[in-house]
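This report refers to the structure that appears directly beneath it.
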Amino acid sequence: MAAAGWSAWQPLRLTQDVPAATLAEQLDGGQAFRWRQDEAGVWAGIFGATVAAVRVGPAGLEGRVRGSWVAGFAALRAYLDAEGVQAGLADALPWRSDTVLAGAMQCYPGLRILRQPPRDALIGFLCSSNKRILQIREMVARLATELGEGLGEGQHALPEWAALAAASDATLQRCALGYRAAFLRGTAERLCARPRWEAEFAALSTPALLTELRALPGVGPKVAACVALFGFGRWESFPVDTWVVQALGGAYGLVGWPPDRLEAFGRIHFGAAAGLAQQFLFSAARAGQLAVAPPAMLPVRPRSRGRGRR
DNA sequence: GTCCAGGATTCAG
DNA sequence: CTGAATCATGGA
């Protein structure tokens, strides 16, 4: 065990800096589940095998990491999209013509999708079904403690698939997963038999990636979309959860639309960065800050379309 | 005690 | 094919 300490605080030098409230929403708003803020306002978290801390300094965001400084710092900057890949995507969203989206984007300016390791995202969202963010965080924390590789100082990575597949019922029960324990173990068994899964999945087109993810136990449309977005950087992926249903229903008048149709609406209306738009809407809705459109045009519940071919 | 949660799966009709 | 019941757990 390399019991390396913390590196010194360093400016993260984001091309576009992030207000404190946006940083909090980004780290602890339901994208990742492994960040906590201490009394001094410092965020501490783990992604992959990187133990990191982030704070808002006088001259912008600062970070420090534990262990290898060079690798850890580069990983942290990539995780936070320090190079600003998403800035152009955000600007290309249709906020100029969509006042609801524009309002949501003003709610958390500069909000970005975290670039999470695929396994982190998959484990997190396998735990997410029918659970609140606070409880997902607790499940994920226990999974790391019980089954994750030690990273020093009592910190743990999320478990490898092999560790998860081999875990006893009693161990999984201690993680308070409920019926999701079978999902995690089932997916772990599939993927530990497929060591190159990350590279193989990353090489797929987004529709093929979603199909492949949905073939895993416990992965339905919404979880697949989250893993594609947060774990594989597929910005066009548009997860439809209860909050997005509320947001699109209330602010866009799409009341009663089934999730798969809302997903199609999001993809078409928001375009190549639909997932980023989704995150703005999700966060604004959760904050109770989403503008509600006037009920001028009452929604028409769409009829299911016929088969693609006749 | 009741209700609900960043849903998925299974089962009826 | 669509819609409803069921799933395990904890917090409000």
Side-chain angles (χ1 to χ4, degrees), chain A residues 24-35 104 107-108 111 113-114 116 120-143 146 167 169-188 190 210-232 234 237-250 256-263 266 274-290 301-310:
Chain A
E25 178 63 22
Q26 213 167 269
L27 296 177
D28 199 29
Q31 293 192 49
F33 305 99
R34 302 212 65 195
W35 290 90
C107 190
Y108 291 108
L111 183 67
I113 303 296
L114 296 174
Q116 300 183 55
D120 287 20
L122 185 45
I123 290 177
F125 284 94
L126 274 171
C127 294
S128 71
S129 81
N130 219 15
K131 276 296 178 189
R132 301 182 194 210
I133 291 173
L134 190 65
Q135 296 176 322
I136 300 167
R137 219 169 51 163
E138 186 59 30
M139 290 187 270
V140 168
R142 293 189 192 183
L143 277 169
E146 292 283 344
D169 291 339
T171 302
L172 290 180
Q173 180 134 27
R174 256 177 276 135
C175 300
L177 302 165
Y179 62 85
R180 301 158 201 79
F183 294 166
L184 275 162
R185 184 181 283 153
T187 288
R190 296 264 195 99
L210 292 171
T211 301
E212 197 71 25
L213 286 167
R214 287 181 57 172
L216 297 169
V219 180
K222 191 270 178 183
V223 170
C226 284
V227 175
L229 177 61
F230 300 127
F232 288 92
R234 304 302 174 98
S237 178
F238 191 80
V240 177
D241 76 320
T242 54
W243 290 101
V244 173
V245 170
Q246 290 304 312
L248 294 183
W257 284 40
D260 62 327
R261 301 238 54 213
L262 290 177
E263 191 273 339
L276 186 53
Q278 174 272 162
Q279 199 59 34
F280 279 111
L281 294 172
F282 170 87
S283 297
R286 230 164 58 88
Q289 297 291 319
L290 195 67
R301 193 179 182 288
R303 288 187 47 78
S304 60
R305 296 173 301 186
R307 296 273 28 153
R309 307 173 195 287
R310 38 181 146 167

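Within every chain, numbering begins at 1; the chains are lettered A, B, ... in the order of the sequence lines, protein sequences first and strands thereafter.
Regarding Arg174(A), its CZ atom lies at a distance of 14 Å from the P atom of dT9(C), rounded to whole Å. One can place CD of Glu263(A) at 16 Å from P of dG7(B), the figure rounded to the nearest angstrom. The CZ atom of Arg132(A) sits 9 Å away from the C1' atom of dG10(C) (whole-angstrom rounding). We find that CG of Leu126(A) is positioned 13 Å from P of dG7(B), with the value rounded to whole Å. If you take CZ of Arg137(A) and C1' of dG11(C), they are 14 Å apart, rounded to a whole angstrom. With rounding to whole Å, Leu134(A) atom CG is found 8 Å from dG11(C) atom P. The separation between Tyr179(A) atom OH and dA8(B) atom P is 9 Å, rounded to whole Å. Whole-Å rounding puts the Phe238(A) CZ to dG6(B) P distance at 17 Å.
Between the side chain of Arg190(A) and the backbone N or O of Ala215(A) there is at least one donor-acceptor pair closer than 3.5 Å. For the pair Glu138(A) (side chain) and Gln135(A) (backbone), a donor-acceptor distance under 3.5 Å is absent. With Ser237(A) contributing its side chain and Gly275(A) its backbone, the two residues share no donor-acceptor pair below 3.5 Å.
Arg180(A) comes within contact range of at least one nucleobase, with a heavy-atom separation under 4.0 Å. In this structure, Gly30(A) reaches the bases: a heavy-atom distance under 4.0 Å links it to at least one base atom across the strands shown. Residue Val240(A) is out of contact with every strand shown, counting any heavy-atom pair closer than 4.0 Å. Contacts of Pro259(A) with the nucleic acid, taken as non-hydrogen atoms under 4.0 Å apart, are absent. At a threshold of 4.0 angstrom between heavy atoms, the contacts of Leu281(A) with the nucleic acid are absent. Counting any heavy atom pair closer than 4.0 Å across all strands shown, Phe33(A) reaches no nucleic acid atom.
Taking only side-chain nitrogens and oxygens, Gln278(A) never comes nearer than 4.0 Å to OP1 or OP2 of dG6(B).
Of the candidate nucleotides dT9(C), dC4(B), dA8(B), dA8(B) has the atom nearest to the side chain of Phe183(A). For Asn130(A), whose side chain is taken as the heavy atoms from C-beta onward, the closest listed nucleotide among dA8(B), dG6(B), dA5(B) is dA5(B). Comparing atom distances between the Ser129(A) side chain and each of dT9(C), dG7(B), dG6(B) picks out dG7(B) as nearest. The listed nucleotides are dA8(C), dA8(B), dC4(B); the one nearest the side chain of Lys222(A) is dA8(B).
Within the 6.0 Å centre-distance limit, the rings of Phe125(A) and Phe33(A) are counted as a close aromatic pair.
A donor N or O paired with an acceptor N or O is found under 3.5 Å between the base of dG6(B) and the side-chain atoms of Gln279(A).
Judged by closest nucleotide on DNA chain B, Lys131(A) is the one of Arg214(A) and Lys131(A) placed further toward the 5' end.
For the P atoms, the distance from dG10(C) to dT9(B) is 23 Å, rounded to whole Å. On the P atoms, dA5(C) is 14 Å away from dC4(B), given to the nearest whole Å. Look at the C1' atom in both dG1(B) and dG11(C): the space between them is 14 Å, to the nearest Å.
If you take CG on Leu172(A) and CE on Met139(A), they are separated by 12.5 Å, rounding to the nearest 0.5 Å. Taking CG of Leu177(A) as the start and CZ of Arg185(A) as the end, the distance is 10.0 Å to the nearest 0.5 Å.
Inter-residue side-chain proximity for Leu143(A) and Cys127(A) is flagged as met; some heavy-atom pair is nearer than 4.5 Å.
Both geometric conditions, a ring-centre gap below 5.5 Å and a plane tilt below 30°, are fulfilled for Phe282(A) over the base of dG6(B).
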Report summary line: With both pairing distances under 3.5 angstrom for Watson-Crick or G-U wobble, and | for a partner in another strand, the correct string for DNA chain C is .||||||.||||
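Using a 4.0 Å cut-off between charged side-chain N and carboxylate O, Arg286(A) and Asp241(A) make no salt bridge.
Below 30°, between 30° and 60°, or above 60°: for Trp243(A) and Phe282(A) the angle between ring planes is above 60°, a perpendicular geometry.
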